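So the structure is just underneath, and the comments pick up after that.
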Amino acid sequence: MSSIQNGLQVTFQIGELAKRTALSIDAIRFYERRKLLPPAPRSAGRFRLYTPDAIERLRFVRRMQGLGFSLQEIKELMGVRADRAHACLAVRQFLKTKLADVAVRIRELQQLESELKTDLLKCNRALKQQRGKTCTCPVLEGEERASNA
């Protein structure tokens, strides 16, 4: 439900904010508790009243989460965002750091992929040698030997 506060500012309650941002009411309250959304003023009936700025802030949070930023990093980015004139250099550093983190994760995932492929080949070879008969799994046997050593 939209309303006009002080004759100037359009405001709306949390349910409308949830619809406009495709977030749940609980998620909005969560972001408020995490200080990613400033506490909303209350109406006479004690309903939270949000402004269009809340929509923009929540969309920003979602966009940054989609890029892999943590809530703490997003909070820091919001601080940078407040000083738009000098933000680019700081944002560039955030992005460079995040990109380096992603590169490390990609290398780790490639290593994991390689290990999984190797283990799959071991299983395929064992099954081919046994031609459908019951056989011990070389991957599990390898794990047992490694843990007994």
Side-chain angles (χ1 to χ4, degrees), residues 1-124 126-127 136-149:
M1 166 183 278
S2 293
S3 67
I4 304 292
Q5 184 179 16
N6 298 332
L8 300 172
Q9 185 75 34
V10 174
T11 61
F12 35 88
Q13 294 175 9
I14 197 166
E16 181 66 21
L17 181 62
K19 285 180 194 171
R20 293 180 185 211
T21 59
L23 290 168
S24 69
I25 290 172
D26 288 338
I28 293 169
R29 289 180 180 146
F30 173 80
Y31 290 136
E32 212 170 11
R33 284 191 305 273
R34 296 283 188 245
K35 308 248 188 279
L36 292 166
L37 189 62
R42 304 273 182 153
S43 69
R46 303 286 302 142
F47 293 106
R48 290 176 171 96
L49 296 176
Y50 296 93
T51 64
D53 181 59
I55 295 171
E56 189 56 38
R57 289 178 70 93
L58 290 171
R59 286 181 179 158
F60 177 78
V61 169
R62 297 280 303 256
R63 191 169 55 248
M64 292 302 104
Q65 281 182 307
L67 292 174
F69 287 97
S70 69
L71 294 180
Q72 181 58 43
E73 291 168 326
I74 294 169
K75 191 184 292 187
E76 292 173 31
L77 280 167
M78 284 186 156
V80 169
R81 188 174 183 230
D83 183 14
R84 292 180 189 263
H86 301 97
C88 197
L89 189 61
V91 170
R92 184 176 130 220
Q93 188 56 48
F94 269 97
L95 293 173
K96 284 173 68 174
T97 300
K98 185 54 66 180
L99 189 58
D101 292 346
V102 167
V104 167
R105 285 199 333 237
I106 288 171
R107 284 193 298 276
E108 290 170 349
L109 287 171
Q110 287 172 332
Q111 178 63 35
L112 177 60
E113 178 186 38
S114 175
E115 291 172 20
L116 289 170
K117 284 180 177 179
T118 299
D119 285 346
L120 183 58
L121 285 172
K122 289 177 187 176
C123 287
N124 287 342
L127 290 170
T136 59
C137 177
V139 174
L140 294 178
E141 293 295 316
E143 288 299 318
E144 288 175 10
R145 277 189 225 120
S147 64
N148 289 336

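Along the sequence shown, residues carry numbers from 1. The model shown is predicted, which means the values in this text are computed figures rather than measured ones.
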For Leu99 and Lys96, what are the C-alpha separation, side-chain angles and deciding distance, and is it a side chain to side chain contact (heavy atoms under 4.5 Å, CB included)? CA-CA 5 Å; Leu99 189 58; Lys96 284 173 68 174; 5.7 Å; no
For side chain to side chain contact (heavy atoms under 4.5 Å, CB included), just list the numbers for Gln110 and Ile106, CA-CA rounded to whole Å, side-chain angles, deciding distance to a tenth of an Å, and then say yes or no. CA-CA 6 Å; Gln110 287 172 332; Ile106 288 171; 3.9 Å; yes
Please test Phe94 against Leu67 for side chain to side chain contact (heavy atoms under 4.5 Å, CB included), starting from the C-alpha separation and ending with a verdict. CA-CA 11 Å; Phe94 269 97; Leu67 292 174; over 6 Å; no
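Put simply, the side chain of Met78 reaches to within 4.5 Å of the side chain of Val61, judged on heavy atoms. Two residues are said to be in side-chain contact when any heavy atoms from C-beta on lie closer than 4.5 Å; Leu37 and Arg29 fail this criterion. Side-chain contact between Arg42 and Leu49 is absent, with no heavy atoms from C-beta onward closer than 4.5 Å. Proximity of Leu121 to Lys117: side-chain heavy atoms (C-beta onward) are nowhere separated by under 4.5 Å. Residues Tyr50 and Glu32 meet the side-chain proximity criterion, which asks for heavy atoms closer than 4.5 Å. Looking at heavy atoms from C-beta onward, Lys98 lies out of side-chain contact with Leu95 at the 4.5 angstrom threshold. Residues Val80 and Glu76 form no side-chain contact, since every pair of their non-hydrogen atoms from C-beta on lies 4.5 Å or further apart. The shortest distance between side-chain heavy atoms of Ile74 and Tyr31 does not fall below 4.5 Å.
The structure places CD of Gln72 at 8.5 Å from CG of Leu36, a figure rounded to the nearest 0.5 Å. If you take CG on Asp26 and CD1 on Ile14, they are separated by 8.5 Å, rounding to the nearest 0.5 Å. Rounding to the nearest 0.5 angstrom, the gap separating the CD atom in Glu73 from the CG atom in Asp101 is 7.0 Å. Interatomic distance, Glu16 CD to Ile25 CD1, rounded to the nearest 0.5 Å: 11.0 Å. One distance of note links CD of Gln111 with CG of Leu116; it measures 10.0 Å at 0.5 Å rounding. Interatomic distance, Leu71 CG to Leu77 CG, rounded to the nearest 0.5 Å: 11.5 Å.
In this view, Ile55 and Phe12, Leu17, Arg20, Thr21, Arg59 satisfy the side-chain contact (heavy atoms from CB on, under 4.5 Å) rule, not counting sequence neighbours.
Taking every heavy atom of both residues into account, Thr136 and Ala126 meet most closely at O-CB, 4.5 Å. Across every non-hydrogen atom of Val10 and Pro52, the tightest pair is O-CD, 3.4 Å. Across Lys122 and Pro138, no two heavy atoms sit closer than the pair O-CG, 3.5 Å.
Surrounding CZ of Phe60 are more than 12 heavy atoms belonging to other residues, nucleotides or ligands, all under 6.0 Å away.
In this structure a side-chain-to-backbone donor-acceptor pair under 3.5 Å is present from Thr97 to Gln93. Side chain of Lys35 to main chain of Lys75: no donor-acceptor pair is present (N/O by atom type, distance under 3.5 Å, no hydrogens or angles). Not one N or O on the side chain of Arg81 forms a donor-acceptor pair closer than 3.5 Å with the backbone of Ala87.
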